[in-house]
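Convention: sequence-line order gives letters A, B, ...; per-chain numbering from 1. As the structure is a prediction and not an experimental result, all values here were calculated from the model.
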Amino acid sequence: MSINKAEVQKIAWLARLGIDEQDIATYSEELSTILDLLERMDAVDTDDISPISHPLDLTTRLRVDAVTEQNQRDQFQQNAPQTEAGCYLVPKVIE
Amino acid sequence: MYQSTLAQLSTALESGQISSAELTRLYLARCHKFNNSLNCFITLNEELALQQAKYADKQRMAGNATPLTGIPVAQKDIFCTNGIKTSCGSKMLDNFIAPYDATIIERMNAAGLIILGKTNMDEFAMGSSNETSFYGPVKNPWDKNHVPGGSSGGSASAVAARLCPAATGTDTGGSIRQPASFCGVTGLKPTYGRVSRYGMIAFASSLDQAGPMTQTAEDAALMMNVIAGFDQRDSTSAAHPVDDYTAGLNDSVAGLRIGLPTQYFGEGLDSDIAKLIEDGIKELEKLGATCREIELPNTALSIPAYYVVAPAECSSNLSRFDGVRFGYRCEDPKDMSDLYLRSRGEGFGKEVKRRIMIGTYVLSAGYYEAYYLKAQRVRHLISDEFQTAFNDIDVIASPTTTAAAFKLNEKINDPISMYFSDIYTVSANLAGLPAISIPAGFVKQLPVGMQLIGNYFTESRLLNIAHQYQKMTDWHQQVPREFQ
């Protein structure tokens, strides 16, 4: 399976990754090589095997519906690129 | 003193032979002297470490010491450390000061351990050579033209050069064991869920597991006693009872049944390593263990399955880096799309971008079944193969890697060849099994490791076998000449 340049651009857009125009050809080549590697899995028949998303048999735990976290907004926002009045600032979204 | 193990330092502190403040200064001085040439630390935590050390000394005077109180260790820069830069080896988090402690850090702080600094690593733990770090590659102390392995390469290099007595690492596909092998240290990847992932920056959540990187198995046991255990804040934390990992170190290994997977000793394995591992297994046989060949037929498929599952989970986990709430933001974004695209495009390195794109592709409509579901089925198959094997054996022994540390720049432009350097380690992550790498000799002056894989929650047994092996050998005591 190969990934052409248009597909590279589509994937990069889906992942919201800005990539340089000049790198697209390299990505196309590298990602195609990796996909060839992934397709080696086709060598084994897995029709009768169920997929697992986790190594261990886990069930989701429940907990009491109680507030356990304190509000630390000011501390957390110290890491933000731009804030104002407790809000995160982003470029204008609505004209 | 700097060549001492955690166990020895514990005794020295307890007897008053040295104070924590003195010990911390001693290791900080070594870090200052050697970090320029090895690049194993991203951040040295000098001021805070000395404060912690003074407090530890007070605690010891007051009779409140745990076995590890006052011992300085290094933390992989993937763990959030309150008030200390936590970069994960990425430009994306170059400006990130963690606002809280990871559970593993909290536990180590509570036990009185000192944070000497944060160690270098492959960016977001994606790499097997430490060359993908935004902060530049780490060097292997045994030969600075060689890589230390990755992604926990900074931790492995620092312990090997004795810039710290022990360090933490994380292992998603071999990131503790492969660098441990390349640098000649002991590295344990516990059972999935044994050590809390809370505050450990996520790469592939169903595979990630933290563990100790130490000089000896005994030290790994001491550290496991601090870090292992259930954590409410990690949704996949194991509620399984926790052992005293030092209690069984001196148990006999007579009668131990060792399985040797033919797939781990076949084509692709360096013949000198094969010989060293055979010697290592003979040592265990001298202690009364028995060996038999076993089959793990789909081992070769562990790499493709891993490179679907890990990128898929990474593409999801790394979507949080949006240039809005924390981390890197591009200059003058003109709109939201521009903000996302450029912040992520400029903030992530090449390998991380490759993996995000692969992950995005295999999860996208039309390809999900062929890649992602298929990989999950193969994962099940590989997991089952281990369980079948464990019907007749207690532990699996193998080389940790196919070859000793490769040269800097040798594989950085060949992702596939880099991926295959984890062929003996990724299966344990896919299956969630505990595995340890212990020094087993040298090939052309570079260390190599022997891997032991156990069934779920058998860390104590692995540490016991490793400890018995280390009582018979001295590979783990070797220190590269330049750092003696």
**Prompt:** For Q75(A), does the CD atom have more than 12 heavy-atom neighbours from other residues, nucleotides or ligands under 6.0 Å away?
**Reply:** yes
| From CA spacing to verdict: side-chain contact (heavy atoms from CB on, under 4.5 Å), L17(A), L341(B) | CA-CA 5 Å; L17(A) 275 179; L341(B) 288 168; 5.6 Å; no
Distance col, row R16(A):CZ vs L339(B):CG, nearest 0.5 angstrom, shows 11.5 Å
Separation between CZ (R355(B)) and CD1 (I34(A)), nearest 0.5 Å, reads 8.5 Å
Bottom line for L89(A): the part with an atom under 4.5 Å from chain B's heavy atoms is backbone
Taken in chain and number order and not counting sequence neighbours, the residues that satisfy side-chain contact (heavy atoms from CB on, under 4.5 Å) with D36(A) are E39(A)
Within residues 315-324 of chain B, contacts to chain A at heavy-atom distances under 4.5 Å involve G323(B), V324(B)
When the 4.5 angstrom heavy-atom criterion is applied to E346(B) and chain A, the contacting part is neither
Whatever's closer than 4.5 Å to a heavy atom in chain A on D332(B) counts as neither
Value for CD1 (I49(A)) from NZ (K374(B)), rounded to nearest 0.5 Å, stands at 8.0 Å
Rounded to the nearest 0.5 angstrom, the CD-OH distance for E7(A) and Y367(B) is 5.0 Å
Are Q78(A) and P99(B) packed together at the side-chain level, in the sense that at least one heavy-atom pair is separated by less than 4.5 angstrom?
no
Taking atom types as modelled and ignoring hydrogens, do the side chains of S50(A) and H380(B) form a donor-acceptor contact shorter than 3.5 angstrom?
yes
Ignoring hydrogens and geometry beyond distance, is a side-chain donor-acceptor pair present between Q82(A) and R329(B) at under 3.5 Å? yes
Those residues of residues 415-423 of chain B that come under 4.5 Å of chain A on a heavy-atom basis, listed by number, are I416(B), Y419(B), F420(B)
So, the part of I11(A) with a heavy atom under 4.5 Å from chain B: the answer is both
Would you say the side chain of P51(A) lies within less than 4.5 Å of the side chain of Y372(B), judging by non-hydrogen atoms? no
Residue set satisfying ring pair (Phe, Tyr, Trp, His ring centres under 6.0 Å) with Y328(B), at least two apart, ordered chain then number -> none
### pair V308(B)-M41(A): side-chain heavy atoms closer than 4.5 Å
yes
- [ ] Give the C-alpha distance, both sets of side-chain angles, the deciding distance and a yes or no for side-chain contact (heavy atoms from CB on, under 4.5 Å) between Y371(B) and L35(A).
- [x] CA-CA 9 Å; Y371(B) 294 101; L35(A) 282 190; 3.9 Å; yes
Is there a side-chain contact between L38(A) and Y307(B), using heavy atoms and a 4.5 Å cut-off?
yes
Rounding to 0.5 Å, atoms CZ (R61(A)) and CZ (F230(B)) come to a distance of 3.5 Å
Is a side-chain N or O of N79(A) found less than 3.5 angstrom from the main chain of I97(B), in a donor-acceptor match? yes
Output for pair (T33(A) OG1, R354(B) CZ), nearest 0.5 Å, gives 10.0 Å
Can you check whether R325(B) reaches F76(A) side chain to side chain, under 4.5 Å on heavy atoms?
-> no
Okay, A300(B) and chain A: the region with an atom under 4.5 Å from a heavy atom over there is neither
